[in-house]
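Letters A, B, ... mirror the listed sequences (proteins, then strands); counts begin at 1.
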2 protein chains.
Amino acid sequence: MDKIAKSQVQKKPAIRGKRPARKTPSIRKEELVTIAFDLFSERHVASVTIKDIARETGVNTALIYYYFENKEDLFGAVIEFAINRAFENFRKLHEQHLSPLDDLNAWINNNIEEFESIRKLVQISLDYSRTQKSIPAIERSIRQFYDEEVRILSNCIRKGIAEKTFKPVDADEFSRFISTYLDGLMVHSTILPETDLDRSVNQLRAVIWTMLGIEGTPPQSRQGSATP
Amino acid sequence: MDKIAKSQVQKKPAIRGKRPARKTPSIRKEELVTIAFDLFSERHVASVTIKDIARETGVNTALIYYYFENKEDLFGAVIEFAINRAFENFRKLHEQHLSPLDDLNAWINNNIEEFESIRKLVQISLDYSRTQKSIPAIERSIRQFYDEEVRILSNCIRKGIAEKTFKPVDADEFSRFISTYLDGLMVHSTILPETDLDRSVNQLRAVIWTMLGIEGTPPQSRQGSATP
DNA sequence: GTCTATATGCAGATAGAC
DNA sequence: GTCTATCTGCATATAGAC
């Protein structure tokens with residue numbers, strides 16, 4: 001009884017928070033990683049200071065070193081986080097749809113929906129690649145991300161070809177082509193912010209439809225949200 | 001006579017160099033810009049120190065401040081330099097070839113030949129875009145670069161369509177598509193260094209040939225140099 | 001035009017209180 | 001878990017000699 005009471009008393013003062021409420025490690029860590037992810041992708045690691053991240057998160061600089069060994073460690077965690085999130089996203093695409101065409105459309109739509117977050121991931125991967133540092137685990141993750149993206153698309157195309165709804169093409173090669181184009185789109189939209197995403201994706205659809213000999217006009221994305 | 005002799009004498013002591021031979025301002029400046037260009041594109045501005053550039057150029061840190069106001073100024077000069085060089089390169093493509101098909105091939109080949117230097121330019125443009133700073137002159141240059149690249153290609157496609165050697169497509173839109181794909185390729189080859197450039201370009205050719213309904217198989221790039 | 005020497009400031013990182 | 005205070009080192013930038 002006394003012991004329990006005591007332990008309760010012990011907890012109370014711990015809960016009385018200062019400015020930023022005391023959070024469980026995992027929450028705080030995730031919070032830091034998410035914010036660092038945004039900052040790093042927007043401005044490059046070297047241009048973002050630990051203080052920037054701390055300020056943006058609303059915590060003190062030193063706290064970052066409580067959760068991460070150093071800036072590089074944080075950067076690693078950020079890449080890992082971004083890639084894992086992207087992978088989770090791929091899972092949606094693994095739910096088997098009925099037709100390869102539906103799968104294809106789902107794949108494209110997913111890329112539109114997740115455009116911003118994929119763009120950030122690509123950007124950070126690019127920044128990482130320009131680092132001299134070599135962290136095998138991260139490199140593996142990045143490769144896996146691209147492989148998985150291409151694999152999903154490639155499977156769907158292969159299936160379509162087998163079913164004769166798509167004209168025969170080299171599925172792997174063509175998937176890589178599409179993936180590369182999308183990367184280009186990410187870069188373009190960063191360099192030229194006025195880039196019309198919907199138009200660019202519609203153009204991609206036009207090419208895919210022609211290459212795969214799909215009948216009819218491809219579905220068009222409209223500007224803004226999906227709501228009418 | 002005397003005046004001429006005197007001017008010759010004046011020059012002599014100037015030529016007596018220390019470790020790094022004294023150079024004319026324009027040479028040195030260009031040298032610094034070229035080296036900075038390589039470093040910035042490989043490693044991002046913020047990760048390259050003035051000392052790095054000085055060391056690589058074989059001069060003293062302070063000399064950089066003799067030629068440039070500060071690092072940002074140097075960065076601006078680097079972008080300007082890179083874009084101008086790219087523009088000079090475009091001039092080749094303006095020499096009118098005989099057929100649109102030759103023009104198209106020339107355009108693609110140019111992109112292969114200049115791949116490294118365009119990649120660096122794209123990389124630096126991307127880095128610049130992530131800077132908060134807005135230097136209108138630079139932004140204009142970057143836009144002009146993309147516009148020009150697309151314009152050249154688009155003209156050639158338009159001509160081919162007029163001559164009925166190409167199937168009708170939206171020339172501007174399709175040119176932008178190709179340009180975007182190439183940007184993607186630059187990114188890809190940085191992130192995934194094992195990227196097979198020739199294969200990727202051949203795949204691009206396959207798509208272009210299909211989209212434009214060009215008869216026969218497109219010319220294939222082989223690995224390595226053009227020599228047999 | 002190029003160097004030596006140096007000021008200055010700030011970013012990354014730690015110690016230790018609470 | 002979070003903060004205050006502080007050290008350290010290095011990068012940008014300048015002054016001034018040659």
Side-chain angles (χ1 to χ4, degrees), chain A residues 7 9-36 39-40 43-78 127 131-133, chain B residues 10-36 39-40 43-78 127 131-133:
Chain A
S7 84
V9 174
Q10 274 179 333
K11 259 181 190 164
K12 250 186 196 160
I15 288 164
R16 149 213 63 116
K18 300 222 166 175
R19 266 72 135 279
R22 209 171 184 125
K23 301 201 177 175
T24 56
S26 52
I27 299 279
R28 215 4 47 107
K29 203 167 180 178
E30 208 181 302
E31 203 176 13
L32 284 167
V33 167
T34 336
I35 286 170
L39 292 178
F40 287 164
R43 272 162 48 200
H44 191 272
V45 216
S47 321
V48 177
T49 71
I50 294 287
K51 288 180 194 192
D52 287 337
I53 301 166
R55 193 182 329 113
E56 202 74 7
T57 317
V59 301
N60 187 276
T61 321
L63 193 61
I64 292 177
Y65 291 92
Y66 174 77
Y67 288 106
F68 304 94
E69 278 187 26
N70 49 37
K71 203 182 175 186
E72 201 186 324
D73 182 34
L74 171 57
F75 185 54
V78 162
D127 290 341
T131 288
Q132 347 288 325
K133 317 270 172 177
Chain B
Q10 273 180 335
K11 260 180 187 163
K12 250 183 193 162
I15 288 162
R16 150 210 65 114
K18 301 223 164 174
R19 265 70 135 280
R22 207 173 185 123
K23 300 200 178 175
T24 56
S26 52
I27 300 279
R28 226 337 74 96
K29 204 167 178 178
E30 208 181 301
E31 203 177 14
L32 284 167
V33 168
T34 334
I35 287 169
L39 293 177
F40 286 164
R43 271 161 51 200
H44 191 274
V45 216
S47 320
V48 177
T49 72
I50 293 288
K51 286 180 193 189
D52 289 336
I53 300 166
R55 193 183 328 111
E56 202 74 8
T57 316
V59 300
N60 188 275
T61 322
L63 194 61
I64 293 177
Y65 291 93
Y66 174 77
Y67 288 106
F68 304 94
E69 278 189 26
N70 49 38
K71 202 183 177 185
E72 200 187 324
D73 182 33
L74 170 58
F75 185 53
V78 163
D127 290 342
T131 288
Q132 346 289 324
K133 316 270 172 178

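Taking all atoms of both residues into account, the shortest heavy-atom contact from A:V78 to A:A36 is CG2-CB, 3.7 Å. When every heavy atom of B:V48 is checked against every heavy atom of B:K71, the shortest pair comes out as O-NZ, 2.8 Å.
Listed by residue number, there are no residues of residues 43-51 of chain A with a heavy-atom contact under 4.0 Å to DNA chain D. Residues of residues 63-73 of chain A having a heavy atom closer than 4.0 Å to DNA chain C, listed by number: A:Y65, A:N70, A:K71.
Ring pair B:H44/A:H44 is parallel by interplanar angle, where below 30° counts as parallel and above 60° as perpendicular.
Overall bending of the helix from C:dG1-D:dC18 to C:dC18-D:dG1, expressed as the angle between end axes built from five pairs apiece, is 10° (10° steps).
The separation between B:N60 atom CG and D:dA13 atom P is 15 Å, rounded to whole Å. Rounded to whole Å, the distance from NZ on B:K29 to P on C:dT2 is 13 Å.
In this view, B:E72 and B:K133 satisfy the salt bridge (charged side-chain N to carboxylate O under 4.0 Å, His left out) rule, not counting sequence neighbours. A:D73 pairs by the salt bridge (charged side-chain N to carboxylate O under 4.0 Å, His left out) definition with nothing, not counting sequence neighbours. The salt bridge (charged side-chain N to carboxylate O under 4.0 Å, His left out) check on B:E31 picks up B:K23, B:R28, with sequence neighbours excluded. In this structure, the side chain to side chain contact (heavy atoms under 4.5 Å, CB included) partners of B:T24, at least two apart in sequence or on a different chain, are B:S26, B:I27. Judged as a side chain to side chain donor-acceptor pair (under 3.5 Å), and not counting sequence neighbours, the contacts of A:T49 are A:D52.
Checking the phosphate oxygens (OP1, OP2) of C:dT2, a side-chain nitrogen or oxygen of B:R28 falls inside 4.0 Å.
From B:I35, atom CD1 reaches atom CD1 of B:I64 across 9.5 Å, with rounding to the nearest 0.5 Å.
Nearest-nucleotide positions on DNA chain C for B:A62 and B:T24 put B:T24 closer to the 5' end.
Listed by first and then second residue, the ring pair (Phe, Tyr, Trp, His ring centres under 6.0 Å) pairs that reach into residues 49-69 of chain A come to none, sequence neighbours excluded.
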